[in-house]
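Contents: one structure, followed by commentary.
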There are 2 protein chains.
Amino acid sequence: MPERSGKPTRDTYRHGNLHQALLEAGTELARTGGPDAISLREVTRQAGVAPNAAYRHFPNRDALVQAVSLHAMAELALAMEEDLAALPPTDDPTRTARARFRAVGTGYLRFARTEPGLFRTAFYVPDDMTQAQAAASTGQGGMTPFELLCAALDGLVTCGLMSPERRPGAEFLVWSCVHGLAVLLIDGPLRGLPDEVVDPAVHDLIDLIEKGLRPDA
Amino acid sequence: MPERSGKPTRDTYRHGNLHQALLEAGTELARTGGPDAISLREVTRQAGVAPNAAYRHFPNRDALVQAVSLHAMAELALAMEEDLAALPPTDDPTRTARARFRAVGTGYLRFARTEPGLFRTAFYVPDDMTQAQAAASTGQGGMTPFELLCAALDGLVTCGLMSPERRPGAEFLVWSCVHGLAVLLIDGPLRGLPDEVVDPAVHDLIDLIEKGLRPDA
DNA sequence: AACATTATGTGTACGGCGTCCACATCTGGT
DNA sequence: ACCAGATGTGGACGCCGTACACATAATGTT
């Protein structure tokens, strides 16, 4: 008998699907400890494989973290889509546009608070960069979080809830506001606040943004 | 002659002011590489001292990073005070309140972009937490960044630029918006954008916030 | 069917890190 | 003059990422 203890033991010399296994182990580590918790030695350990085996699938640690990051970004998109899908159907297009805009924000913040480790990993960008809205980080609908936000903003413009001349670049401003609250809630000084405090704050923040975007008239 | 090479050599057994020296070395490391770049072995190396000497002044690495973080927060407050001080004097209190509010935001973002490493270090909060607006992280005026923001908001209320019933908790919303832009600009997908793009975005963001805070009337 | 090629996993080793322990040295109070 | 506490040193341990040489399995060619 070649082995007897532990569970991730394997009898074949080849693992079979190591790339995927490393990714999943990395995701679990990131879930509880953020990007810094992802270690090559730990993921290979969990896969029941020698540390160096990882180098057949990722050039270095950073590449693995990057891959997990993309996966986390996709989960963020999924969370946002969930909030969008949970919306009750409406006849009023204006009401719908507003609701969809809000859902984009609440989904974002819900994911940040539910999965802070993955959220932080999603925004881990090391040195190369510019893969933010790259593929593979989309939800079921094939849209990235950023694209979901843009679509929601376009909806606001269509319904007159936002002036068209304010539209260009607005996605970055809105994103900033929501992202900032997320960061302060999970990493920063607002950490660990109970839902009774946070939920109204989320509501108020989206109110503020919405009001800030509205046409002056 | 006991030593001859390198510069941080010292002839006395005692260093004299190691605590301070470690703090300064740590600050320099954080300035260029953020909190992760702070290493006990490196700061002691720069101080010309054995690695373990650090343990006479900080219980562990995290305590050092924490100390640097406080220092960085104070520098942030200083940057905000600079923008406030640079304001031209005005008779109109409303105009002043508005300008001071904007200065708080621009100072915050200017520091984030000028000193991204220190900015990230300032918001490094490990496990214990709740020292956010603790002492020692204040500027010359003795106020923390958070308190500077609160004061600016109070000014807005006084001048009727903001409805009093919206005031409670508003500091967190506004902080979120500005902080979010800072994070996206230095770490996130908006990284490395030129001033010609960023400056208008900063302006627009503060516009949006201001508008969102205004009374409905 | 036999062999060469490529893909994948292993073993060993190096240097860097934080940290623990025992020990050396200096300084201030008695 | 001495002792106690504060401060710095040296060595060791176990992590980590990663480079190099090697072993083994899968695949394609003849």
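Any value given below was found using the heavy atoms of this structure, including those in side chains, with hydrogens, waters and symmetry copies removed. Labels below follow one simple rule: chain letters A, B, ... track the order of the sequence lines, proteins then strands, and each chain is numbered from 1.
B:D62 places its CG atom 13 Å from the C1' atom of C:dT19, with the value rounded to the nearest Å. Distance A:I38 CD1 to D:dT18 P: 13 Å, rounded to the nearest Å. Atoms CG (A:D36) and P (C:dG18) sit 14 Å apart, rounded to a whole Å. Atoms OH (A:Y55) and P (D:dC20) sit 12 Å apart, rounded to a whole Å. Atoms CG (A:L22) and C1' (D:dG17) sit 15 Å apart, rounded to a whole Å. B:R61 places its CZ atom 15 Å from the P atom of C:dC20, with the value rounded to the nearest Å. A straight line from CG of A:L40 to C1' of C:dG9 spans 15 Å, rounded to a whole angstrom. Separating the CD atom of B:E42 from the C1' atom of C:dG18 is a distance of 14 Å, rounded to the nearest angstrom.
Using a cut-off of 4.0 Å between Lys/Arg side-chain N and Asp/Glu carboxylate O, B:D207 and B:R102 are scored as salt-bridged.
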Under the salt bridge (charged side-chain N to carboxylate O under 4.0 Å, His left out) criterion, do A:R110 and A:D199 qualify, and how do the steps go? CA-CA 10 Å; A:R110 185 172 56 81; A:D199 289 340; over 6 Å; no

Before you tell me yes or no, could you show the steps for B:L173 and B:L213 under side-chain contact (heavy atoms from CB on, under 4.5 Å), namely the whole-Å CA-CA distance, both residues' side-chain angles and the distance that decides it to 0.1 Å? CA-CA 10 Å; B:L173 305 187; B:L213 291 176; over 6 Å; no

Salt bridge (charged side-chain N to carboxylate O under 4.0 Å, His left out) between A:R113 and A:D195, intermediate numbers included: CA-CA 10 Å; A:R113 295 181 58 217; A:D195 288 5; 2.4 Å; yes

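Between the side chain of B:T12 and the backbone N or O of B:H15 there is no donor-acceptor pair closer than 3.5 Å.
Counting only heavy atoms from C-beta outward, the side chains of B:L76 and B:E115 never approach each other to under 4.5 Å.
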Secondary-structure notation, DNA chain C, from Watson-Crick and G-U pairs under 3.5 angstrom (| other strand): ||||||||||||||||||||||||||||||

Which letter, B, S or -, goes with each nucleotide of nucleotides 1-8 of chain D from 5' to 3', with contact meaning a protein heavy atom under 4.0 Å? -----BBB

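At most 12 non-hydrogen atoms from other residues, nucleotides or ligands lie less than 6.0 angstrom from CD of A:Q140.
Aromatic rings of A:F119 and A:Y124 (six-membered ring for Trp) have centroids beyond the 6.0 Å cut-off, not under it.
In this structure, A:S39 does not reach the D:dC15 phosphate: none of its side-chain N or O atoms is under 4.0 Å from OP1 or OP2.
Positionally, the nearest nucleotide of DNA chain C for B:P51 lies more toward the 5' end than for the other of B:P51 and B:T12.
Among the atoms of the strands shown, base atoms are found under 4.0 Å from some heavy atom of B:R41.
The aromatic rings of B:W175 and B:H179 lie perpendicular to each other, with more than 60° between the two planes, well past the 30° mark.
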